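Working notes for the structure below.
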Amino acid sequence: MANAPAAAQALEVLTLLARHTEPLPAGSIARELGIPRSSTYHLLAVLRDHGFVTHLPEERRYGLGVAAYELGSAYQRQAPLQRLARPLLGRLVDETTHNAHLAVLHGRDVLYVVEERAPGRPLLVTDVGVRLPAPLTASGLAMLAALPAAQVRALFPHRDSLVQRDGRGPTSVSQLRRELTEVRNRGYAVEDGSVSEGLSSVAQAVLDHTGHPVAGVAVTYPSDQVDAAEQARLVAAVNRAATSLSARLGARRSSG
């Protein structure tokens, strides 16, 4: 961005507005981004003229405009996440010989958006378009573990926010927090029979350029056919696929 500072600052303004649930005063935008107030007003004027920002004169605040919404809608129509993920998941299936899928967070649920089936493996309930409670799935746990604690608390403020399946799944917010801590310490998420009896899954979060979890990659396998050594091989394959997809989405490489 060194050769296009104005473009970088405009993108920072849009990103900041997208992170907040309410429109912001120009002064707050300038302070949070460390941009001079005069430059901030100029950026907001240009973005407003192009429809990416809306000015609320009575409130003296700025919010996202219709053009920003249209960009989001175009993203959904083009489905770039699915298109980028599908070949990686195909290779993951070839490598592991098990079913693989990609899920995204949708509120407190995961929504499955790609499924690649391995020959001879059983059909799964995690077909494209299916939604399941995030804390019950490996993909959901992987993504939740990568979210800021405050966002997890907002999603699951009390035990009534949690949904069980056949008596399985966390029954309290504190239990969910412990499970997410285990995921972070382990480095990947695992689920054993919470979605389908006799089937287990391992998953890893896919991160965007900000470090935000945008998806989860998972492999599902018969629990009684995979020992600890084989599970470690599956975890390594899932980690490679998630890292590759994160890189395709512009995620920064870890320095560690």
Side-chain angles (χ1 to χ4, degrees), residues 85 89-90 92-147 152 155-156 158-206 213 215-242:
L89 263 63
L92 182 59
V93 168
D94 292 340
E95 182 179 357
T96 64
T97 73
H98 295 289
N99 294 340
H101 43 260
L102 183 81
V104 297
L105 275 178
H106 196 273
R108 297 171 185 164
D109 297 336
V110 293
L111 173 67
Y112 291 92
V113 294
V114 178
E115 182 179 29
E116 291 291 329
R117 295 175 179 170
R121 293 300 181 183
L123 298 180
L124 304 176
V125 299
T126 53
D127 203 354
V128 173
V130 169
R131 290 170 53 142
L132 290 173
L136 297 182
T137 70
S139 297
L141 289 171
M143 288 184 280
L144 291 174
L147 286 176
V152 175
L155 287 171
F156 301 96
H158 44 70
R159 64 182 304 161
D160 293 340
S161 338
L162 297 163
V163 176
Q164 290 191 297
R165 182 183 175 93
D166 297 328
R168 298 184 178 182
T171 58
S172 66
V173 175
S174 59
Q175 183 182 351
L176 174 62
R177 285 199 297 266
R178 286 195 298 272
E179 290 191 19
L180 298 182
T181 298
E182 290 177 6
V183 171
R184 287 188 287 270
N185 291 338
R186 190 190 304 121
Y188 63 92
V190 63
E191 168 269 316
D192 184 10
S194 296
V195 175
S196 296
E197 186 72 30
L199 295 178
S200 299
S201 298
V202 290
Q204 182 62 273
V206 175
V217 172
V219 161
T220 298
Y221 53 89
S223 306
D224 60 357
Q225 296 180 17
V226 172
D227 59 15
E230 176 63 7
Q231 187 191 62
R233 186 182 75 86
L234 298 180
V235 168
V238 167
N239 285 345
R240 285 192 294 272

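Bear in mind the structure is a predicted one, so any value in this text is a computation, not a measurement.
In this structure, Phe156 CZ and Arg177 CZ are separated by 12.5 Å, a value rounded to the nearest 0.5 Å. In this structure, CG in Asp109 is found 4.5 Å from CZ in Arg131, a value given to the nearest 0.5 Å.
Shown here for Gly107 and Leu155, the closest heavy-atom pair between the two residues is O-CD2, 3.8 Å. When all heavy atoms are compared, the tightest approach of Val219 to Ala100 is CG2-CB, 4.2 Å. Shown here for Leu147 and Pro213, the closest heavy-atom pair between the two residues is CD2-CG, 3.6 Å. Residues Leu141 and Leu180 approach most closely at O-CD2, 3.7 Å, considering heavy atoms. Pro170 and Leu176 get closest at one heavy-atom pair: CB-N, 4.0 Å. Among all heavy-atom pairs drawn from Ala203 and Ser139, the shortest one is CB-N, 3.5 Å.
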Review point. Which is it for Tyr221 and Thr97 under the side chain to side chain contact (heavy atoms under 4.5 Å, CB included) test, yes or no, and what are the steps along the way?
Key: CA-CA 9 Å; Tyr221 53 89; Thr97 73; over 6 Å; no

Review point. Going through the distances and angles, do Tyr188 and Val238 end up as a side chain to side chain contact (heavy atoms under 4.5 Å, CB included)?
Key: CA-CA 9 Å; Tyr188 63 92; Val238 167; over 6 Å; no

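For the side-chain contact (heavy atoms from CB on, under 4.5 Å) criterion with Met143, the lone passing option out of Thr137, Val183, Val110 is Val110.
Between the side chain of Asn99 and the main chain of Arg117, no donor-acceptor pair closer than 3.5 Å is present. Not one N or O on the side chain of Gln204 forms a donor-acceptor pair closer than 3.5 Å with the backbone of Ala236.
Considering only residues two or more places apart in sequence or on other chains, Arg184 meets the salt bridge (Lys or Arg N to Asp or Glu O under 4.0 Å) condition with none of them. Scanning for salt bridge (Lys or Arg N to Asp or Glu O under 4.0 Å) contacts around Glu179 gives an empty result, with sequence neighbours left out. Among residues two or more places apart in sequence or in another chain, the side chain to side chain donor-acceptor pair (under 3.5 Å) test is passed with Glu182 by none. Remark: Arg240 pairs with Glu95 by the side chain to side chain donor-acceptor pair (under 3.5 Å) rule, at least two apart or across chains. Partners of Ser223 by side chain to side chain donor-acceptor pair (under 3.5 Å), not counting sequence neighbours, listed by chain and number: Asp192, Ser200. Remark: Arg233 engages Glu230 in a side chain to side chain donor-acceptor pair (under 3.5 Å) (not counting sequence neighbours).
You'll find the side chain of Val226 reaches within 4.5 Å of the side chain of His98, heavy atoms only. With contacts defined as side-chain heavy-atom distances shorter than 4.5 Å, the pair Val152/Val173 does not qualify.
Looking at Ser172 and Ser174, their side chains do bring a donor and an acceptor atom within 3.5 Å of each other.
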